[in-house]
Novice: 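For reference, the structure I am asking about is given below.
Convention: sequence-line order gives letters A, B, ...; per-chain numbering from 1.
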Number of protein chains: 2
Amino acid sequence: MALGHAVLAALLQGEASGYDLAKAFNASVANFWVATPQQLYRELDRLEADGLIAGRVVEQQRRPNKRLFSLTPAGLEELAAFTAAPSRPTSIKDELLVKVQAMDVGDTDAIREALQDRLAQAQEKLAGYERLREALLAGRDEDDYLLHAQRIGPYLTLMRGMAFEQENIEWVRRCLETLAAR
Amino acid sequence: MALGHAVLAALLQGEASGYDLAKAFNASVANFWVATPQQLYRELDRLEADGLIAGRVVEQQRRPNKRLFSLTPAGLEELAAFTAAPSRPTSIKDELLVKVQAMDVGDTDAIREALQDRLAQAQEKLAGYERLREALLAGRDEDDYLLHAQRIGPYLTLMRGMAFEQENIEWVRRCLETLAAR
DNA sequence: TTCTGATAGTCAACAAAGTGAGTAGGTACG
DNA sequence: CGTACCTACTCACTTTGTTGACTATCAGAA
């Protein structure tokens, strides 16, 4: 239940529908986990069947009905237990890196384009994260926030995501420069 | 064929057995892809069946026989085509980040330990990468290497891996300090 | 001498993750 | 008035990933 724990952690932010989570797993939660809507709906069904989350149907006037999910006490417990369990080593899977590894026999122009695409994506992500950060801080100073906010987990993971995208940007620039110089 | 392309790219380094690849996917290739030996053996069978790699059995005196695989022209072509194809967005999956996200309801001591473990792992990986880098450079200056070496892909991906581990170390330190201060 | 760890794999079964396509209404833009 | 995108979700299928065995040999340490 790897994705499951990520979903439980996301639900700490509060009640959410599958659709909400799909957006989150494409934005804020994407710092450390990505998942498609289909995966999320399936996982939500599983978690509900296991009693770790509870869903309630909200009828809407001008929109399809939705199911809002929230953590149950059992879900909270499961999440706490997870934090205490040993974790598997991270899995990194980046097709762009495979392409760069193979660049010497590949299509240089295509790789250059792929790098540029990644640069743009990283810059966009970083800008999004920056907005999220401002929203979390809500005017407070970072040190103050880290000392006194009730929940600092989301802020810390956000910092990791920002550093990651920053590194992406710098690395891609380096690659492009190297390609240009040869 | 996501893992497949990573294997093909790894085979650019030269002929390798499943066992060699298992080590590589735990060391140098781990910058951008991780896989278990079982996955690799399965993938090697598939790639061989598809004619993208060719295996030859090497009989050994004091060791079990092994199969050494190398790229076929078709494999090279496939790899080149892959570099030109659009790639899916990266997937990040890090259980430690999930734990940190949930730290406010989790077991703080356990998370602290997990962070410390990660710190040690990252330092080890970084040291390993540094050795790899020295080996690749073989005494040459980095700028010179990037301009004149035949293959620079492996060096560039290694740089990405090093930056990633460096960032891990700094982020983990930051988290530990924050935890200590609260 | 027994035991651990490294080399070099193989097999089977299952669980989890990911892809592609489809449904069905709503709103906003030009 | 069309069309494109947003909300909200479902089904079918394929690919990956995980677990836990099992087979062998050799080197070095306890």
Novice: On DNA chain D, does the nearest nucleotide to G18(A) precede the nearest nucleotide to E43(B) from the 5' side, or the other way round? Give the residue.
Specialist: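 Final value for this comparison: G18(A).
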Novice: Can you see if the side chain of Q39(B) gets near the phosphate of dG17(D) - specifically, an N or O under 4.0 Å from OP1 or OP2?
Specialist: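 So the side-chain polar atoms of Q39(B) do come within 4.0 Å of the phosphate oxygens OP1 or OP2 of dG17(D), strictly under.
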Novice: Should the side chain of Q38(B) and the base of dG17(D) be counted as holding a donor-acceptor pair, with the cut-off at 3.5 Å?
Specialist: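 No pair found.
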Novice: Sort out for me which residue in I92(B), N168(B), V172(B) forms a side chain to side chain contact (heavy atoms under 4.5 Å, CB included) with R160(A).
Specialist: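 The option that passes is N168(B).
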Novice: Could you check how far OH of Y19(B) sits from C1' of dA24(D), rounded to whole Å?
Specialist: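 Distance check: Y19(B) OH to dA24(D) C1' gives 13 Å.
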Novice: Students often get this wrong, so: under 4.0 angstrom with heavy atoms, is A22(B) touching a base, only sugar-phosphate, or nothing?
Specialist: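 It contacts nothing in the nucleic acid.
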Novice: Tell me the interatomic distance from R46(A), atom CZ, to dG18(C), atom P, rounded to whole angstroms.
Specialist: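 Those two atoms, CZ and P, are 12 Å apart.
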Novice: Can you check whether Q39(B)'s main-chain N or O pairs, donor with acceptor, with R42(B)'s side chain at less than 3.5 Å?
Specialist: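 Not at all, since once roles are kept as given, no pair shorter than 3.5 Å links the two residues.
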Novice: Which part of the nucleic acid, if any, lies within contact of N65(A), taking any heavy atom under 4.0 Å across all strands shown: a base, the sugar-phosphate backbone alone, or nothing?
Specialist: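 Result for N65(A) = sugar-phosphate.
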Novice: Of R67(B) and T36(A), whose nearest nucleotide on DNA chain C comes first from the 5' end?
Specialist: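 Result: R67(B).
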Novice: Quick one: label A35(A) by what it contacts on the DNA or RNA (base, sugar-phosphate, nothing), any heavy atom closer than 4.0 Å.
Specialist: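 Answer is nothing: A35(A) stays at 4.0 Å or more from every strand.
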Novice: Looking across every strand, which nucleic acid part, if any, lies under 4.0 Å from S17(B) by heavy atom: base, sugar-phosphate, or nothing?
Specialist: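 Contact class for S17(B): sugar-phosphate only.
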Novice: Between C1' on dG5(C) and NZ on K23(B), what's the gap in Å once rounded to a whole number?
Specialist: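 These atoms are roughly 14 Å apart.
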Novice: Measure from CD on E95(A) to C1' on dT19(C) and round the result to the nearest Å.
Specialist: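 Roughly 13 Å, once rounded to whole Å.
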Novice: At less than 4.0 Å, is any side-chain N or O atom of K93(A) found next to OP1 or OP2 of dG17(D)? Yes or no.
Specialist: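 Yes, within the criterion.
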Novice: Taking the side chain as every heavy atom from C-beta outward, state whether L40(A) and L3(A) have any atom pair closer than 4.5 Å.
Specialist: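 Answer yes - side chains close enough.
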Novice: Of the nucleotides dT18(D), dC9(D), dG9(C), which one has an atom closest to the side chain of Y41(B)?
Specialist: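 Nucleotide nearest to Y41(B)'s side chain: dG9(C).
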Novice: Give the rounded distance in Å between these two atoms: CG of D45(B) and C1' of dG9(C).
Specialist: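 Distance, rounded to whole Å: 11 Å.
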Novice: Classify the nucleic acid contact of R42(B) as base, sugar-phosphate or nothing, counting any heavy atom under 4.0 Å across all strands shown.
Specialist: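 Result for R42(B) = base.
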Novice: Could you check how far CG of L40(A) sits from P of dT7(D), rounded to whole Å?
Specialist: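 Taking CG of L40(A) and P of dT7(D), I get 15 Å after rounding.
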Novice: Do W171(B) and V100(B) come within less than 4.5 Å of each other through their side chains, counting heavy atoms only?
Specialist: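 The answer is yes; the side chains approach within 4.5 Å.
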Novice: For R63(A) and dA24(C), is the shortest distance between a side-chain N/O and OP1 or OP2 below 4.0 Å?
Specialist: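 The answer is no; no side-chain N or O of R63(A) sits under 4.0 Å from OP1 or OP2.
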Novice: To the side chain of K66(B), which of dG9(C), dG20(D), dA17(C) is closest?
Specialist: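 Of all the options, the side chain of K66(B) is nearest to dG9(C).
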Novice: For the side chain of L3(A), starting at C-beta, report the closest nucleotide among dT19(C), dT7(D), dA17(C).
Specialist: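 Looking only at side-chain atoms, L3(A) lies closest to dA17(C).
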Novice: From CG of D20(A) over to C1' of dT7(D), roughly how many Å is that when rounded to an integer?
Specialist: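 In whole Å, dT7(D) C1' and D20(A) CG are 10 Å from each other.
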Novice: For T72(A) and G51(A), work out which heavy atoms get closest and say how close.
Specialist: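 Of all heavy-atom pairs spanning T72(A) and G51(A), the closest is OG1-O, 2.7 Å.
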Novice: Within a strict 4.5 Å, meaning less than it, do heavy atoms of the R118(A) and T90(B) side chains meet?
Specialist: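 Touching, per the 4.5 Å side-chain cut-off.
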Novice: Return the value, rounded to whole Å, for the distance between atom CG of L68(A) and atom C1' of dA8(D).
Specialist: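 Going from CG in L68(A) over to C1' in dA8(D) covers 11 Å.
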